[in-house]
Undergrad: 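Structure provided below as C-alpha cells; questions to follow.
Note that the structure is a prediction, hence the values are computed from the model and not measured. Proteins come first, then strands; the chains are lettered A, B, ... in the order of their sequence lines, and each starts at number 1.
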Number of protein chains: 2
Amino acid sequence: MAGKQAGTFSLGVDYGTNSCRAVIVDTANGAEIAAHVYNYPTGRHGIILDPKDPNLARQNPADYIQGFLVGAREAVRAARKHKGFSPEKVVGIGVDGTGSTPLPVDKNGTPLALLPQWKNNPAAQAWLWKDHTAHKEAALITATAQKMKRPFLAKYGGIYSSEWFWSKILHCHNTAPAVFKAAYSWVELSDFIPAFITGNTRPDRIVRNICSAGHKAMFSEDWGGLPDKAFLKKLAPGLAELRGRLFELAVPSDSLAGFLAPDVAKKIGLPAGLPVAAGSMDAHCGAVGSGVGEGALVKVMGTSTTDMMVGSMKKKIRDIPGICGMVPGSILPGMYGLEAGQSAVGDIFNWFAHYLCPEEFTKGDRHANLTKEAAKLRPGESGLVALDWNNGNRTVLVDPLLSGMLIGTTLHTTAPEIYRALIEATAFGALTIVRRFEEYGVKVKQVINCGGIAEKSPLTMQIYADVLNRPMKISRSSQTCALGAAIFGAVAGGAYKTAQDAQKKMTGVKPITYKPIARNVKIYAQLYREYLTLHDAFGKPGTGLDGVMKNLIALRNSVRKGK
Amino acid sequence: MAGKQAGTFSLGVDYGTNSCRAVIVDTANGAEIAAHVYNYPTGRHGIILDPKDPNLARQNPADYIQGFLVGAREAVRAARKHKGFSPEKVVGIGVDGTGSTPLPVDKNGTPLALLPQWKNNPAAQAWLWKDHTAHKEAALITATAQKMKRPFLAKYGGIYSSEWFWSKILHCHNTAPAVFKAAYSWVELSDFIPAFITGNTRPDRIVRNICSAGHKAMFSEDWGGLPDKAFLKKLAPGLAELRGRLFELAVPSDSLAGFLAPDVAKKIGLPAGLPVAAGSMDAHCGAVGSGVGEGALVKVMGTSTTDMMVGSMKKKIRDIPGICGMVPGSILPGMYGLEAGQSAVGDIFNWFAHYLCPEEFTKGDRHANLTKEAAKLRPGESGLVALDWNNGNRTVLVDPLLSGMLIGTTLHTTAPEIYRALIEATAFGALTIVRRFEEYGVKVKQVINCGGIAEKSPLTMQIYADVLNRPMKISRSSQTCALGAAIFGAVAGGAYKTAQDAQKKMTGVKPITYKPIARNVKIYAQLYREYLTLHDAFGKPGTGLDGVMKNLIALRNSVRKGK
C-alpha cells in the first residue's frame, strides 16, 4: 500500500436519473466502506413529467441539494462504523451528475426553481438529460452550424442533440421567455453541486467542467470556448447576450472547484475546507471508475447507456459521424474523451416490465421473472426483432424523432419473447456503435461494463457477448460513477498525483467474464442483418420509410395539443 | 306472416373455431327461440397445437360429432319451453362450418382420427382453417398453376392459400405419407356433418357444397370440376389418384343433402326423415343470415374476419387480385359469391389480452377493461401504427409468411394504446379490402357487420366507421352463421321457395348504426397512409424490406427444429 493514501478516504457523490448516491471509498484500493442512496422525492421517480408531452423530463433542484446533504451525512454516519475511518481521514470530495442537465440560476447562482415566483414553472427546473422537448431547436442548431460553416459539430458526429445544453436553453427562450429572461446564467447539475458545497455559487465564480462543457455545450479551445456571438445571435439574440454570463474556462475533473463550505461541512459531519474536485458527468466518471484506458470501451449500462473510450492525443483521431463527442480531457486529463450511447436501454426494459407485464410475472421482481423465461429461449427462436428507439436514437443516427418498433409477432408471441427481443435490440444498437468506432480506426480491444444492468442481468451480458462477439467484462465496483467521482476527490485531496495513478489502485474487473458462445454468435449475426435493414430503412434519409416514425410523432403531437 | 312458414321452425348448427352452436329459429321472422353452445373439449380451446410449430392447428372430429348430438339435443330441449314449439314443427336442418377444414376419411367415410391406429396422429385429425403448415405446398400450387397456365387461380386473387384444401392434403402427402395413404377420401367439415347426420357418409354419396368446393378446392364447372389429373400429378402422383375418390359435383347450400337418420333423430329428439340442407361455410352462412345482397358487404367479425359480397351473374365481374374467391352460387344461389378476409382480427385482440395484459386490466373482462381506457384516446394520440398480420395476410397480399408489427412505441406507451392500435390496424386491413373491391368495380354501398366483435365492441365498430368512412350497420341476429344455416334448413324444408325470400323475412339490422365522425375520419386518413407505406414495404415483393418477416420466420423455424 502506497504511503500517501494509506488510511485515507474520499467521498464521491453521483447524481443519477432517479436518485443520488454518496459513497465513501478507501483510497488505497477503491473499496466502498459506506454508502447512502437518496431518492428524489419530486415527480414520478424523481422526474417531473407532462402527460401531454412525453418529451418533457425535468427535475427539482431542491432534490439535488437535499440529496447531497442527506446522502453525504448518512454515508459519513455509516462510515463511522468502519474500523480505521474517521471524518478527519477524508482527503477530498468528487461529484458527478447526469448531463446535459442545465438549470437556470439568478445573479447569486440560486436556481430559479427555488424562488417562489418560479417554483411551479417547469421551465425553471433542471432540464434532465432525457428531456427531448428541444428537438426543433437541436435541428436548427445543426442547420445553422452547417449554414454558417462552423466547425462545432464535427466532433459531435455532425448533429447537435435535443438532449444538450444549447437546445434546451433555446427551447426555454422560445417557449418560456419569462424564465429565460429571469435566468442570469445556466449551470450544469455537475457544476452546480461543487459550486453549492464550496459556497461558490456566483455564476462568475462557478468552476465549469470540460466534460459537460466540451461534450454538451460546444465548448472548445479550438474556437475560443463557447460558440461565437454571431452564431448564437443567429439562433436568438438573447443567446448571444447570455454568452457573456456563462463561462470562458472549463477544466478537467481532477482540478479543484473549491473547498468545503463550513455550513455544509457541519451538516454532513466532515471538516470544513476539504478540497472539492471539479464536477464530471456520471458516465464519464463511470468510465474512470471502471478503469477506462486506451482500447477499452466502458459501457455504463443503466436506464440509458453511455459508451466511453479514451484516445491518445499523440495521434490525430478522425471525426466520427454520429458519436456524441470527442473532447480533450473530458474523461481522463491529457487524453481525448470519446462518448457514444443509447438513449434508452434499462428504460426500455422498465417500460415493458411496468406497462406490459402480464400478471404471471408480477409477483416479486418482474425483471427477474421475465428474465428467467427469456433465458430459456434460444437466439432466433421467437422470430422477433425490435428497434431500440423508444427514446430516440443517440448514436449513430442522433435522431430523437425515432421510435420503438417490434416486428415478427404472431398469435403466440409471449411476454418473455418480447422482453428478450428488447434486450437483443439494445445489444444490436451497442454493436452498431462498436462498428462505428472501429470503422474510424478506434479499435475496441476490451469491453468493460458497469452499472445496474451489467451487475444484475447475466442474460443481458451473455446476449451482449454473443451479439458483440467479444467477452463482456464487469467492473469490480458496483458504483463506478461514484467511485470515479471519489477518484477525482482523492486526486484533488492529494492522495494520488494523477487520475491514472489512482485508477491503477482503485479500479478493477470482477472474476466473472461473459464469453461469446459460437452458435449464438452465428445466429445473432443473421438477426443483426435484419436489424440493420430496419435500422437503415427507418433511420436514414431517403428510403421512403424514413418519414413513418416522424409523421406519427408529428400527428401525435398535433392531436395531443388539440389541433 | 306468410302461410307456409307460420308456426314452423328450423334448426341451424354452426361450427366455429372453438365451439359449435345449435339454434332453433322461427321461420316466420328468424327469431332465435333456443340455442346451445358446445365447446370442443380437445386441445387448447378446442384446437390441437404443436409447441414447436405455431403454424399447426388441428381438431378432433369426435368433437364435431359430439357437438351436433349435444348441441341439437339441448337446443331442442330448451325450445320445448317456448310456446308454440314442438319437434314436429321443425321443417328442416342446415349446417355450416369453418373452412377449409378438410379431414381424411376411410372407405366408409369414417374419419381416420376416430380409428384407434390413427387416433393420436395430428395429420389424421381435421385440418382447421387456420392451420398454416402447408405454406410451401401453397406456393408450389400457385407456381405450378402459373407454369402450366391453368386458369384456376384467377378467381382466387391469383394466389392459392396454405389455409386451403389442396395445400393441406399435399402437405399431408409430403409429411405424413402413411396417413395420406390410409385416407380413402377427404371431406370438408361442412360436408361431413350433413353426411353424418343423414347417414350418407360413404364418400361417393356425400353431398359436397359449392361454397367450400368453389372457394377452397378450385372446383369450377368452367374447367370440369376439380383441377385436372395432369395438374395434380405434377404436384404429386398421389393427388391425381385421389381425385377420382373425391367428387365431381358440388351444389349450392339450398340443395338437399339427405334426410335425418333415425339413430341421430332419436338422440336429438327430432323426427327422423327431416330434410337436411347441403352444408356451407360459416362466414358465407353469416352473410346470408345478415341479409347479404348486391352492394352490401357483410363482415363476419370473429377470431378472423370474412368479408362477403354477392354480385349479379348478369354482368361479368373482372377477376380481383388478392381476394379469396369468386364462385357462382357459393353464398346465394344464382349469384356470384365473393370472399375476402383477414386471417386474424379477434385473435389479435385475444393474443394481446391473454399474453400482454398488465395486471391492472385483468380483473373481470380484460377486453372490457382495455377497451374502456382505449376509448378515451383520440385517433393519432398514441403515435402508434400496427400491421394486422400476426396470423399472416389473407387479403389482399395472400401471404401466410407475414407477421405482426408495431411501430411508434415510446417509454410511455401504454397497453390500452397498443390495444387500440391493434384495433385500428385491423380496420386499416378492412379498408384495404374495401378499396380493392371498389377498384375492380364492386361498389360497397353498405356494410353490415355480424359476429362477436360487431356485437360486443362499440369501440371497434366506431373505429371501423371512422377508418372506412362509412356507417357500420349491425346484423339483427347475434348468430348470423347459425341463422344462415337455419335459413337453408327452412328452404330445404319448404318454408320458403328461395334463400332470398327467406332472407326478407328472417334477417335485418339493429337500430344502432355507427356513423363516421368527421374529425376522426380525417386523422385516420393520415394514419392509413402510414399503414399503407408499411403494408407495401413489408408485404410486396422487391422493396428491400419484403424479406425481413420471411427471414425471421425461416430462422425461427430452423432454430425450433434444432438446426
Undergrad: Is the shortest side-chain heavy-atom distance between B:Leu527 and A:Leu552 below 4.5 Å?
TA: yes

Undergrad: Hey, mind stepping through A:Glu359 and B:Lys363 against salt bridge (Lys or Arg N to Asp or Glu O under 4.0 Å) and telling me if it holds?
TA: CA-CA 10 Å; A:Glu359 201 168 7; B:Lys363 312 272 170 294; 3.8 Å; yes

Undergrad: Rounded to the nearest 0.5 Å, how far does CG of B:Leu402 lie from CD1 of A:Ile407?
TA: 9.5 Å

Undergrad: Take B:Leu356 and A:Phe352 through the side chain to side chain contact (heavy atoms under 4.5 Å, CB included) test and state the conclusion after the steps.
TA: CA-CA 10 Å; B:Leu356 293 167; A:Phe352 188 79; 3.8 Å; yes

Undergrad: Please report the interatomic distance OG1(B:Thr543) to CG(A:Leu545), rounded to the nearest 0.5 Å.
TA: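 Atom-to-atom, B:Thr543:OG1 and A:Leu545:CG are 8.0 Å apart.
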
Undergrad: Less than 4.5 Å to any heavy atom of chain B: does that hold for the side chain of A:Ile418, its backbone, both, or neither?
TA: side chain

Undergrad: What's the spacing between B:Asn557 CG and A:Glu381 CD if we round to 0.5 Å?
TA: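 CD of A:Glu381 is found 11.0 Å from CG of B:Asn557.
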
Undergrad: How close do B:Arg378 and A:Val559 get, heavy atom to heavy atom, and via which atoms?
TA: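 Closest approach of B:Arg378 to A:Val559: NH1-O, 3.2 Å.
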
Undergrad: Between B:Glu360, B:Glu530, B:Met549, B:Arg529, which residue shows the highest count of heavy-atom pairs closer than 4.5 Å to chain A?
TA: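 Greatest number of close heavy-atom pairs with chain A: B:Glu530.
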
Undergrad: Pick whichever of A:Gly392, A:Ala537, A:Gly383 has the most heavy-atom pairs under 4.5 Å with chain B.
TA: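 Highest number of pairs under 4.5 Å: A:Gly383.
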
Undergrad: So which part of B:Phe538 gets closer than 4.5 Å to some heavy atom of chain A, the side chain, the backbone, both or neither?
TA: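 For B:Phe538, the contact with chain A is made by the side chain alone.
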
Undergrad: List the residues meeting ring-ring contact (aromatic ring centres under 6.0 Å, His included) with A:Tyr528, not counting sequence neighbours, and say none if there are none.
TA: A:Phe428, A:Tyr531

Undergrad: What heavy-atom pair brings B:Gly408 and A:Ser403 nearest, and what distance separates the two atoms?
TA: CA-OG, 3.1 Å

Undergrad: Quick check on A:Lys522 against chain B: is it the side chain, the backbone, both or neither that has a heavy atom closer than 4.5 Å?
TA: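 When you check distances to chain B, no heavy atom of A:Lys522 falls under 4.5 Å.
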
Undergrad: Tell me, for A:Arg44 versus chain B, whether the close heavy atoms (under 4.5 Å) come from the side chain, the backbone, both or neither.
TA: neither

Undergrad: Just give me the residue among B:Ala386, B:Gly380, B:Gly547, B:Pro379 that pairs up with chain A most often, heavy atom to heavy atom, under 4.5 Å.
TA: B:Gly380

Undergrad: I need the contact set between residues 409-416 of chain A and chain B: heavy-atom distance under 4.5 Å, sorted by residue number.
TA: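 Expected list: A:Thr409, A:Thr410, A:Leu411, A:His412, A:Thr413, A:Thr414, A:Ala415.
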
Undergrad: Taking every heavy-atom pair that is under 4.5 Å apart, which of B:Ala554, B:Pro358, B:Gly544 has the most such pairs with chain A?
TA: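 When all of B:Ala554, B:Pro358, B:Gly544 are compared, B:Pro358 has the most.
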
Undergrad: For B:Lys372, look at atom NZ and say whether over 12 heavy atoms of other residues, nucleotides or ligands are found less than 6.0 Å away.
TA: no

